Protein chains: 2
Amino acid sequence: MLSHKAKYALKALLYLAEQDESHISKTIEIAEGANIPKKFLEQILLDLKRGHFVSSKQGKFGGYYLIKSKNDITLAEIHRLFDGAIALLPCASLNFYERCTDCKTEEECSLRHGLMIIRDETLKAMQNITIASLIKK
Amino acid sequence: MLSHKAKYALKALLYLAEQDESHISKTIEIAEGANIPKKFLEQILLDLKRGHFVSSKQGKFGGYYLIKSKNDITLAEIHRLFDGAIALLPCASLNFYERCTDCKTEEECSLRHGLMIIRDETLKAMQNITIASLIKK
DNA sequence: ATAAATTCTATAAATATAGTAGAGTTTTAG
DNA sequence: CTAAAACTCTACTATATTTATAGAATTTAT
């Protein structure tokens, strides 16, 4: 499941992607437009900034804007940024790998292989869902 | 991600599937064989029993045994039993559907459609991973 | 009757999630 | 230079969930 953070992040990105290219959106504007608690959204936007999806302009008339094409922002990236691994266990993860503590050896881990198959399928599907693809015509 | 419960459940089922048909496994035997905390495993086995994956014999010489073919127990079922929805949000779920509270209308939910695509792909993949398929030769 | 096992309920401890509060910094405009 | 308006940062709180553990009750075989 997606955390609220990840869901809100997607909605915020969707909101930004729907604005004019040059438009800078204030947090309060995004919060109201996408129905997200404003203070919570502040944190999320900072995370998105640190992840190089958006950038910001400070001070009066400041706000947020996309710096990555809506065609290039995928569900996989946002999920990873806010929720971590896409794989079902850390031992099957590409980006958040951790050895399983309750298996004698990695080879003996009975679940790893199957979960890597799931990970590959899920990742492929998630990389096909972009912000652009979510925008309804 | 899978919860520990789901992971332990899979390992326990794998353990049972590897025993002789007629063999009844005690909890302590499964716990030691699959490296699962015994008291925690008790709860998990009861859940698996309620889910009609295993059955049990009480009293002395009692224990647990599979009542569903290892070819018919899928990762999807176990994940759902212990962790709930496979979909990334409740509004995109088949078995754990809930209306999104922060969308004005269901139609307007910008994420739902994309997440249903992911759900279908993930579900299909998870239904292909069975206990039998996880057993190494 | 006793031993060995499952079953059930309650509880504890640790962690993660969701959200809030408030002070600090930056920028613009007058 | 000052005030307003915005982002930035750190800390905190409240709640829920997860991961167990404890112990009594029940069932069954001998």
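Within every chain, numbering begins at 1; the chains are lettered A, B, ... in the order of the sequence lines, protein sequences first and strands thereafter. Model, not experiment: these values are computed from the prediction.
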Would you mind reading off the distance between [X] atom [atom1] and [N] atom [atom2], rounded to a whole angstrom?
| X | N | atom1 | atom2 | value |
| --- | --- | --- | --- | --- |
| K39(A) | dT10(D) | NZ | P | 14 Å |
| I36(A) | dG19(C) | CD1 | P | 11 Å |
| L41(A) | dA6(D) | CG | P | 14 Å |
| F82(A) | dT17(C) | CZ | C1' | 14 Å |
| D83(A) | dT17(D) | CG | P | 16 Å |
| M1(A) | dA18(C) | CE | C1' | 15 Å |
| I30(A) | dA6(D) | CD1 | P | 12 Å |
| L46(A) | dC7(D) | CG | P | 9 Å |

For D83(A) and K5(A): C-alpha separation, side-chain torsions, deciding distance, then whether salt bridge (Lys or Arg N to Asp or Glu O under 4.0 Å) applies. CA-CA 8 Å; D83(A) 301 327; K5(A) 270 198 177 180; over 6 Å; no
List the steps, then state whether salt bridge (Lys or Arg N to Asp or Glu O under 4.0 Å) holds for R80(A) with E77(A). CA-CA 5 Å; R80(A) 275 181 174 144; E77(A) 291 172 305; over 6 Å; no
Closest to the [X] side chain, choosing from [options]:
| X | options | answer |
| --- | --- | --- |
| K26(B) | dT7(C), dA5(C), dA4(C) | dA5(C) |
| Y64(B) | dA29(D), dA4(D), dT6(C) | dT6(C) |
| E42(B) | dG23(D), dA18(C), dG22(C) | dG23(D) |
| K49(A) | dT27(C), dT8(D), dA29(D) | dT8(D) |

Shortest non-hydrogen separation from [X] to [Y] and the atoms involved:
| X | Y | answer |
| --- | --- | --- |
| I24(B) | F61(B) | CG2-O, 4.3 Å |
| A92(B) | M116(B) | CB-CG, 3.7 Å |
| S25(A) | Q19(A) | OG-CG, 3.7 Å |

Respond yes when some side-chain nitrogen or oxygen of [X] is under 4.0 Å from OP1 or OP2 of [N], and no when none is.
| X | N | answer |
| --- | --- | --- |
| T27(A) | dA6(D) | no |
| K57(A) | dT28(C) | yes |
| R50(B) | dT6(C) | no |
| S3(B) | dT17(D) | no |
| Y8(A) | dG19(C) | yes |

Side-chain-base donor-acceptor pair under 3.5 Å for [X] and [N]:
| X | N | value |
| --- | --- | --- |
| Q43(B) | dT7(C) | no |
| K5(A) | dG19(C) | no |
| K38(A) | dG19(C) | no |

Under 4.0 Å between any heavy atoms, over every strand shown, what does F61(A) touch: base, sugar-phosphate, or nothing? Just pick one. sugar-phosphate
For G62(A), answer base if it contacts any base atom (sugar-phosphate contacts may also be present), sugar-phosphate if it contacts only those atoms, and nothing otherwise; contact means non-hydrogen atoms under 4.0 Å. sugar-phosphate
Is it the case that the side chain of R112(A) and the backbone of C91(A) share a donor-acceptor pair, with hydrogens and angles ignored and the cut-off at 3.5 Å? yes
Would you mind telling me which residue lines up with the more 5' stretch of DNA chain D, L45(A) or Q58(B), judged by nearest nucleotide? L45(A)
